[in-house]
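Just so it is clear, the model here is predicted, and its values are computed rather than measured. Naming convention: chains lettered A, B, ... in sequence-line order (proteins, then strands); numbering from 1 in each chain.
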Protein chains: 2
Amino acid sequence: MFEPPVQRLIDELSRLPGVGQKSAQRLAFHLLNVEEADARRLADSITEMRSTVRLCNRCFNATADAECTICVDTRRDTSSICVVERAQDIPVIERTQLFKGRYHVLGGAMSPIAGIGPEQLRMSELEARVGAEGVTEVIAATNPTVEGDTTAMYIAQLLKPLGVKVTKLASGLPVGGDLDYADEVTLGRALAGRQEL
Amino acid sequence: MFEPPVQRLIDELSRLPGVGQKSAQRLAFHLLNVEEADARRLADSITEMRSTVRLCNRCFNATADAECTICVDTRRDTSSICVVERAQDIPVIERTQLFKGRYHVLGGAMSPIAGIGPEQLRMSELEARVGAEGVTEVIAATNPTVEGDTTAMYIAQLLKPLGVKVTKLASGLPVGGDLDYADEVTLGRALAGRQEL
């Protein structure tokens, strides 16, 4: 019903998370009606990001180099690792200025229903880092959800036999919520009151 | 806090309608984590659409040529024009198979609060078409909202002095709703029971 290039754009947009058929139509026609330079800047910023940004070899954060700015920062404490589900959680924790160690991005949380187990996450990479980097504490900063808590428990079971202390963020975060919506004060308290697993 | 190319993409995404800062972050990291080919296909489909699709010279529908497929279709009745707010409303009306005339895309609806008057819409182009194309009926298929109804009233005041019949879609559409969410049966009835203004 739409011109083929418009329909193709609608199809691509509707593959994005949280974008349905109707939203995709609106976005496509928005992009047809804005200044051509604006549409082109969006397209270029996607291409530019994919050609310049990659995942850190160590922690899987976004980076322009082999390792991210946090991993190569020699002032960071290499004896503690803060494990997060997604790279966008890192700036939220950084803003509390209470964590001086390095990070590890799992790429999600365990969910038997969605078929996501330890093999679908970067769990073996985490285990390898704990052995190789002289880590003494791992903070499981997963979302305060069933999946996030399950993931934290799994990390504790996996790493405690290696003689490492495993903690999780204190409750105080609203249950069922999402880590990257937390304000800095709440998250700072949760970090200060972390509990051993 | 994010790598500059990631931040630039977040900025561009958050300029889209209905996409806030958080959604833009999620979309950007989604595009960083998917296969590079998938991200590139989205970027390319934006660029391709903008370089191949333009607005119809006559009705402002999306088209690959000077005029859209509906305007150049000689089987269409040139004596009636269906006026819609947005190009994406056209396929919804086409699916009823009850309208055989041509369209006119206004580009929005009148809204004093948002500073949108007749000059911000394609109202003078509509007026010119009525004179030039031997039009006898104009159907105002604007959204059943305050803005859409105001726009329909304005069209009636503008075009009735030219001796043309101006109608609007029958009520039956849920008030406060949005034209492109209507099902075909409801919209078909609204079209059949259109009322003169």
field: Among the listed options A:T52, A:T63, A:N33, A:T69, the residue most often paired with chain B at heavy-atom distances under 4.5 Å
entry: A:T63
task: Can you measure from CZ (B:F29) to CE (A:M49) and round to the nearest 0.5 angstrom?
output: 8.5 Å
field: Part of A:N61 within contact of chain B (heavy atom distance under 4.5 Å)
entry: neither
field: Per-residue contact mode, A:D38 against chain B (heavy atom under 4.5 angstrom)
entry: both
message: Within the 4.5 Å heavy-atom criterion, are A:R8 and B:E48 side-chain neighbours or not?
response: yes
query: Relative to chain B, which segment of A:R86 carries a heavy atom at a distance below 4.5 Å: side chain, backbone, both, or neither?
result: neither
message: Hydrophobic cluster membership, with links at side-chain heavy-atom distances under 4.5 Å among I/L/V/M/F/W/Y: are B:L98 and B:I90 in one?
response: yes
- line: Nearest heavy-atom contact between A:R40 and B:S51 is NH2-CB, 4.4 Å
Toward chain B, the part of A:L13 with a non-hydrogen atom under 4.5 Å: both
message: I'd like to know if the side chain of B:R50 reaches the main chain of A:L31, judged simply by a donor and an acceptor atom lying under 3.5 Å from each other, with no hydrogens or angles considered.
response: yes
query: Is it the side chain or the backbone of B:L27 that comes within 4.5 Å of chain A heavy atoms, both, or neither?
result: side chain
field: Atom group of A:E3 that falls short of 4.5 Å from chain B, counting heavy atoms
entry: side chain
query: Between B:Q25, B:E36, B:R15, which shows the greatest number of heavy-atom pairs under 4.5 Å with chain A?
result: B:E36
message: Looking at every heavy atom in both A:S45 and B:E12, which two are closest together, and how far apart are they?
response: OG-CG, 3.6 Å
message: Let's test your reading of the structure: which of B:G107, B:P91, B:A28, B:A64 forms the most heavy-atom pairs below 4.5 Å with chain A?
response: B:P91
message: Grouping I, L, V, M, F, W and Y whenever their side-chain heavy atoms are under 4.5 Å apart, do B:V83 and B:V146 come out in a common cluster?
response: no
query: So which of A:A39, A:P4, A:P17 has the biggest tally of heavy-atom pairs under 4.5 Å with chain B?
result: A:P17
field: Taking every non-hydrogen atom, the tightest pair across A:Q88 and B:R26
entry: NE2-CA, 3.9 Å
query: Which answer fits A:E35, side chain, backbone, both or neither, if we ask what part of it has an atom under 4.5 Å from a heavy atom of chain B?
result: backbone
- request: Please flag which part of A:L32 lies under 4.5 Å from any non-hydrogen atom of chain B: side chain, backbone, both or neither.
  value: both
task: Run the numbers on A:T47 and B:T47 for side-chain contact (heavy atoms from CB on, under 4.5 Å), then give the verdict.
output: CA-CA 11 Å; A:T47 309; B:T47 310; over 6 Å; no
- request: In sequence, state the C-alpha distance, the side-chain angles, and the governing distance for A:L9 and B:V53, and then conclude on side-chain contact (heavy atoms from CB on, under 4.5 Å).
  value: CA-CA 11 Å; A:L9 177 56; B:V53 179; over 6 Å; no
message: Would a single hydrophobic cluster contain both A:V72 and A:I70, if residues Ile, Leu, Val, Met, Phe, Trp and Tyr are joined by side-chain heavy-atom contacts under 4.5 Å?
response: no
